[in-house]
Novice: 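The structure is given below, and queries will be raised subsequently.
This one's a predicted model, so the numbers in the text were calculated from it and none came from an experiment. Residue indices begin at 1 and follow the sequence shown.
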Amino acid sequence: MDIFDIISNDLKEAMKAKDKVALDTLRNIKKALIEAKTAPGAGDTVDDATATKIISKLAKQGRESAELYAAQNRPELAAEELAQVAVLEKYLPKQMSDEELTEALKNIIAEVGASSPQEMGKVMGVATKKLAGMADGKAISAKVKELLA
């Protein structure tokens, strides 16, 4: 069962449970996935890797919106966004801890053979592919800078 089918089933369960936050969030995910399916060249399918990217992007947008709402002293809207992010995170791979991220990046740096900050691009190219969905791009970038400095 792929992510699209899982979300469709969870959407039905959220309707039965009358869970408004989950229902709204799952509808947004399904809408984004259907748009990706019907995009030119998609072949009317969305693989799990693409679905994970889409859900990860939605989660990132939700966290950024929550930060903005909190900065504008709108805690009720920030809480709503964070509740939706919590639902989105159920469909994403487990996020790496700081120690796990450091260890993975050390391995990638050794694999690529990078030794200076000028080679950060090589490391980032490999790291973003290998760690997609498991770590935030900003966290990866910051850790690579730290390790190469």
Side-chain angles (χ1 to χ4, degrees), residues 1-112 120-147:
M1 187 182 278
D2 64 354
I3 291 178
F4 187 81
D5 294 333
I6 293 169
I7 288 172
S8 295
N9 289 337
D10 289 353
L11 184 61
K12 291 175 197 168
E13 295 302 318
M15 284 182 201
K16 290 177 187 174
K18 295 182 176 28
D19 184 349
K20 185 174 175 6
V21 173
L23 191 59
D24 289 345
T25 306
L26 292 169
R27 282 182 176 151
N28 280 341
I29 297 170
K30 192 163 182 180
K31 176 184 153 272
L33 293 176
I34 289 171
E35 286 174 356
K37 267 186 172 185
T38 58
D44 202 36
T45 59
V46 173
D47 62 348
D48 284 352
T50 305
T52 300
K53 280 183 188 175
I54 291 169
I55 295 169
S56 181
K57 182 179 176 184
L58 291 171
K60 181 180 177 188
Q61 288 172 344
R63 282 190 288 276
E64 289 172 353
S65 295
E67 287 175 21
L68 284 173
Y69 289 139
Q72 295 172 352
N73 202 24
R74 302 290 308 266
E76 69 286 353
L77 293 175
E80 190 176 313
E81 286 290 335
L82 291 174
Q84 289 185 3
V85 169
V87 173
L88 290 166
E89 287 176 343
K90 291 177 188 174
Y91 303 98
L92 293 173
K94 180 185 165 289
Q95 295 293 299
M96 296 179 108
S97 69
D98 194 44
E99 296 82 27
E100 292 170 328
L101 179 61
T102 302
E103 192 59 37
L105 288 173
K106 282 181 181 177
N107 291 337
I108 292 170
I109 288 170
E111 175 187 316
V112 172
M120 184 174 167
K122 282 196 242 176
V123 176
M124 286 300 295
V126 174
T128 51
K129 286 184 181 122
K130 282 191 176 182
L131 306 177
M134 295 186 285
D136 181 50
K138 287 181 186 175
I140 294 171
S141 177
K143 189 59 76 173
V144 169
K145 279 181 188 173
E146 178 186 314
L147 292 172

Novice: Side chains of Glu80 and Val21: closer than 4.5 Å at any heavy-atom pair?
Specialist: no
Novice: Quick one: closest heavy-atom pair of Ile55 and Leu92, and the distance?
Specialist: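 Closest heavy-atom pair between Ile55 and Leu92: CG2-CD2, 3.7 Å.
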Novice: CD/Glu111 to CD1/Ile109 distance, rounded to the nearest 0.5 angstrom?
Specialist: 11.0 Å
Novice: Give, for atom CG of Asp98 and atom NZ of Lys143, the distance between the pair rounded to the nearest 0.5 Å.
Specialist: 3.5 Å
Novice: Nearest 0.5 Å please: distance from the CD1 atom of Ile140 over to the CD1 atom of Ile108.
Specialist: 7.5 Å
Novice: When you check the gap from the basic side-chain N to the acidic O, do Lys106 and Glu103 get nearer than 4.0 Å?
Specialist: no
Novice: Side-chain donor-acceptor pair under 3.5 Å between Asp47 and Thr50, yes or no?
Specialist: yes
Novice: To the nearest 0.5 Å, tell me how far Leu33 CG sits from Lys37 NZ.
Specialist: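 So the CG of Leu33 and the NZ of Lys37 are separated by 8.0 Å.
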Novice: Restricting to non-hydrogen atoms, name the atom on Leu26 and the atom on Ala14 that form the minimum distance, rounded to 0.1 Å.
Specialist: CD1-CB, 4.2 Å
Novice: Work out which heavy atom in Glu100 is nearest to a heavy atom in Gln95; give both atom names and the distance.
Specialist: OE1-O, 4.3 Å
Novice: Is the closest side-chain heavy-atom distance between Pro75 and Asn73 below 4.5 Å?
Specialist: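 Sidechains of Asn73 and Pro75: in contact.
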Novice: Roughly how far, to the nearest 0.5 Å, is CZ of Arg27 from CG of Leu11?
Specialist: 6.5 Å
Novice: Leu101 and Ala135: which non-hydrogen atoms are nearest, and at how many Å?
Specialist: CD1-CB, 3.9 Å
Novice: How close do Thr128 and Gly125 get, counting heavy atoms only, and between which atoms?
Specialist: OG1-O, 3.3 Å
Novice: Report yes if the side chains of Val46 and Ile3 come closer than 4.5 Å at any heavy-atom pair, otherwise no.
Specialist: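 They are not in contact (no side-chain heavy atoms under 4.5 Å apart), so the answer is no.
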Novice: Does the side chain to side chain donor-acceptor pair (under 3.5 Å) test come out yes or no for Ser8 and Asp5, once each step is laid out?
Specialist: CA-CA 5 Å; Ser8 295; Asp5 294 333; 5.3 Å; no
Novice: Mind listing the closest non-hydrogen atom pair of Ala32 and Leu58 along with its distance?
Specialist: CB-CD1, 4.2 Å
Novice: Got a second to check how far Ile7's CD1 is from Lys90's NZ, nearest 0.5 Å?
Specialist: 11.5 Å
Novice: For Glu89, I'd like to know if atom CD has over 12 heavy atoms of other residues, nucleotides or ligands within 6.0 Å.
Specialist: yes
Novice: Below 4.0 angstrom, N of the basic side chain to O of the carboxylate: do Lys31 and Glu35 qualify?
Specialist: yes
Novice: Looking at Ser56 and Thr52, would you say the former's side chain and the latter's main chain have a donor-acceptor pair under 3.5 Å?
Specialist: no
Novice: Side chains of Lys53 and Lys57, heavy atoms from C-beta outward: is any pair under 4.5 Å?
Specialist: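 No - every pair of side-chain heavy atoms lies 4.5 Å or more apart.
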